[in-house]
Amino acid sequence: MFYRLQPLSNQQEYIDSLKIIGSLSYLFSESTTPYLYYRIAEKLFCKAFDANDLSRGDIALDASKEKIGIGLKTFLKNNDKTLQKVAEFNKDRHLYEHKSSENLIYVIANLRNERISFAENLSEVTRSLYHCVTRAEGMFYIYEESMLLIDIENINSIQKVKNTIRFNDKQHEYTFSLSKSTLLKRFDTSICQEKFPITIYENPLETIQNCFRQQNEIFQETKKLQDTIYLPLYGKNKIVSPKSGLNQWNALGRKRDPNEIYIPIPSKIHHHKPTFFQIEILPLHFIFQTKKHSMQRYVKT
């Protein structure tokens with residue numbers, strides 16, 4: 001398949017993105033089964049796996065990567081054997097509307113196969129599959145299966161029931177809706193590749209507002225950092241003293257740490273920016289002890 005062949009980091013990014021979207025379900029529904037709009041699912045998939053987004057191309061595939069074509073679907077898990085739409089043939093109605101049930105199904109089967117082949121050739125992929133996110137109460141499931149052509153030679157059990165025609169090809173079970181001109185395929189999603197819980201926020205709008213509020217506060221705090229001072233690493237005449245500043249370790253007097261340095265703050269900085277360091281006693285020095293990866297500040301009076 002596709003999902004399990006991707007790096008774990010990409011899988012986790014995909015899961016995390018689905019969890020975020022699922023947590024906002026009460027924006028769209030009151031159901032305890034998380035909601036996932038199919039367009040969002042397509043975008044999350046392509047972003048997480050760096051796949052080519054084909055969803056706006058009106059072809060049988062929604063994404064592609066590494067010569068693999070992918071049809072993306074999301075639907076309710078239910079009993080793990082639900083019929084889901086895989087193609088629509090409104091524009092081709094004139095090709096089949098007056099035919100018998102059997103002939104109609106052969107027309108639809110050929111049209112479906114032509115669409116898959118066209119999409120694969122256009123996208124330059126060598127095989128295709130369905131990637132499905134199924135939804136149940138408080139849960140998401142990931143399921144994949146091959147996207148196969150309809151085996152026309154083995155079509156059998158054609159049966160018309162009201163406005164639908166049922167058939168299978170010894171691989172899958174299909175139903176064609178005459179009123180909607182749509183082909184549905186039964187998906188057996190009982191064996192999934194991944195499942196994970198979705199925590200739905202009780203008040204997602206309030207949660208989003210709080211997030212924006214916090215982001216805005218952080219942004220406002222960041223905007224306050226409008227002033228910068230660059231401290232020279234040398235002394236007068238751009239000379240580095242052999243026994244002070246960067247070479248404080250070499251100074252006379254008390255025993256020195258071999259990693260001891262300090263960066264002096266020129267007095268003129270305090271005159272021009274008296275509140276920058278929030279201290280009025282001059283001069284202010286910083287001592288860096290690189291062994292301990294720490295910085296000490298002290299005031300020399």
Side-chain angles (χ1 to χ4, degrees), residues 1-23 33-88 112-136 139-151 169-174 182-198:
M1 294 293 99
F2 174 86
Y3 176 78
R4 286 300 182 193
L5 298 178
Q6 304 309 302
L8 291 176
S9 58
N10 296 75
Q11 293 181 30
Q12 191 59 53
E13 179 185 345
Y14 185 51
I15 290 173
D16 290 343
S17 298
L18 288 171
K19 284 183 175 180
I20 291 172
I21 295 301
S23 70
T33 297
Y35 178 81
L36 180 61
Y37 181 53
Y38 74 98
R39 289 294 186 195
I40 295 177
E42 293 166 353
K43 297 300 180 185
L44 295 183
F45 179 91
C46 291
K47 180 180 182 300
F49 298 115
D50 193 26
N52 301 314
D53 190 346
L54 310 176
S55 59
R56 295 295 184 180
D58 194 26
I59 58 176
L61 300 174
D62 300 301
S64 68
K65 185 178 180 180
E66 300 166 352
K67 297 294 183 178
I68 301 175
I70 303 147
L72 300 167
K73 303 192 71 62
T74 177
F75 49 86
L76 294 176
K77 186 176 176 63
N78 291 333
N79 64 353
D80 284 319
K81 292 184 179 181
T82 63
L83 285 165
Q84 299 297 325
K85 185 178 80 170
V86 293
E88 186 174 306
R112 173 60 176 164
N113 288 352
E114 287 172 5
R115 289 189 183 183
I116 294 177
S117 297
F118 173 79
E120 290 181 337
N121 292 331
L122 183 67
S123 308
E124 298 182 334
V125 301
T126 56
R127 62 188 179 93
S128 301
L129 58 84
Y130 290 106
H131 176 94
C132 308
V133 179
T134 62
R135 299 173 282 119
M139 295 290 294
F140 276 169
Y141 299 80
I142 294 175
Y143 167 82
E144 289 182 341
E145 69 168 64
S146 297
M147 183 186 293
L148 302 176
L149 298 177
I150 297 176
D151 187 350
D169 65 351
K170 295 186 178 180
Q171 299 176 129
H172 296 291
E173 179 185 339
Y174 295 90
T182 55
L183 178 67
L184 296 88
K185 188 186 85 70
R186 192 174 299 281
F187 286 82
D188 183 347
T189 57
S190 54
I191 301 177
C192 67
Q193 292 188 298
E194 190 81 77
K195 62 180 179 179
F196 45 93
I198 301 296

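Computed over heavy atoms, backbone and side chain alike; hydrogens, waters and symmetry mates excluded.
No donor-acceptor pair under 3.5 Å is formed between the side chain of Ser123 and the backbone N or O of Glu120. Side-chain atoms of Asp16 never come within 3.5 Å of backbone atoms of Leu18 as a donor-acceptor pair (strictly under, hydrogens ignored). Side-chain N or O atoms of Asn113 include one that pairs as donor or acceptor with a backbone N or O of Ile150 at under 3.5 Å. Side-chain N or O atoms of Asn10 include one that pairs as donor or acceptor with a backbone N or O of Ala48 at under 3.5 Å.
Asn79 CG: more than 12 foreign heavy atoms inside a 6.0 Å radius. Environment of CZ in Phe196: crowded, with over 12 heavy atoms of neighbouring residues, nucleotides or ligands closer than 6.0 Å.
We find the CG-CG distance between Leu72 and Leu129 to be 9.0 Å, quoted to the nearest 0.5 Å. With values rounded to the nearest 0.5 angstrom, Asn52 atom CG is found 9.0 Å from Ile70 atom CD1. Separation of atoms CG (Asp53) and CG (Leu61) is listed at 12.0 Å; rounding is to 0.5 Å. Distance check, rounded to the nearest 0.5 Å: CG of Leu148 to CG of Asp169 gives 8.0 Å. The distance from atom CG of Leu149 to atom CZ of Arg115, rounded to the nearest 0.5 Å, is 14.0 Å. Atoms CG and CG, from Leu122 and Leu54 in turn, are 8.0 Å apart once rounded to the nearest 0.5 Å.
Scanning both residues, Pro197 and Lys19, for their nearest heavy atoms gives O-CE, 3.8 Å. Looking at every heavy atom in both residues, Gly22 comes nearest to Ile198 through C-CG2, 3.5 Å. Closest approach of Met147 to Ala60, counting heavy atoms only: CE-O, 3.9 Å. Here the shortest heavy-atom pairing between Arg127 and Leu5 reads NH2-CD1, 4.3 Å. Considering all non-hydrogen atoms of both residues, Val133 and Phe140 come closest at CG1-CG, 4.1 Å. In terms of heavy-atom proximity, Met1 sits nearest to Ser146 at CE-OG, 3.6 Å.
No hydrogens or angles considered: nothing links the side chains of Tyr14 and Gln12 as a donor-acceptor pair under 3.5 Å. There is a side-chain donor-acceptor pair under 3.5 Å between Tyr3 and Glu194. Using modelled atom types and a 3.5 Å distance limit, the side chains of Thr74 and Arg135 yield a donor-acceptor pair. A donor-acceptor pair shorter than 3.5 Å cannot be found between the side chains of Ser9 and Gln11.
For the pair Lys43 and Phe45, the cation-pi criterion (under 6.0 Å, within 45° of the ring axis) is not fulfilled. Both tests pass for Lys77 against the ring of Tyr141: distance under 6.0 Å to the centre and angle within 45° of the axis.
In this structure, the ring of Phe49 has its center less than 6.0 angstrom from the ring center of Phe2. Separation of the Tyr38 and Phe75 ring centroids does not fall under the 6.0 Å cut-off.
Looking at heavy atoms from C-beta onward, Lys170 lies out of side-chain contact with Asp151 at the 4.5 angstrom threshold. Residues Phe187 and Glu145 form a side-chain contact, since some pair of their non-hydrogen atoms from C-beta on lies under 4.5 Å apart. Taking 4.5 Å as the limit, some side-chain heavy atom of Ser55 sits within range of a side-chain heavy atom of Arg39. With contacts defined as side-chain heavy-atom distances shorter than 4.5 Å, the pair Gln84/Leu184 does not qualify. At least one side-chain heavy atom of Thr189 sits less than 4.5 Å from a side-chain heavy atom of Thr134. Side-chain contact between Lys195 and Ile142 is absent, with no heavy atoms from C-beta onward closer than 4.5 Å.
With respect to the salt-bridge test (charged N to carboxylate O, under 4.0 angstrom), the residues Lys47 and Glu13 qualify. Salt-bridge check for Glu42 with Lys73: failed, with every basic side-chain N at 4.0 Å or more from each acidic carboxylate O.
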*asked:* One pair to check against side-chain hydrogen bond (donor to acceptor under 3.5 Å, both in side chains): Glu88 and Thr182. What are the steps and the verdict?
replied: CA-CA 4 Å; Glu88 186 174 306; Thr182 55; over 6 Å; no

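Screening Lys81, Lys185, Arg186 for a side-chain hydrogen bond (donor to acceptor under 3.5 Å, both in side chains) with Glu173, the sole residue that qualifies is Arg186.
Between Tyr37 and Tyr35, the two ring planes are parallel [angle under 30°; tilted spans 30° to 60°].
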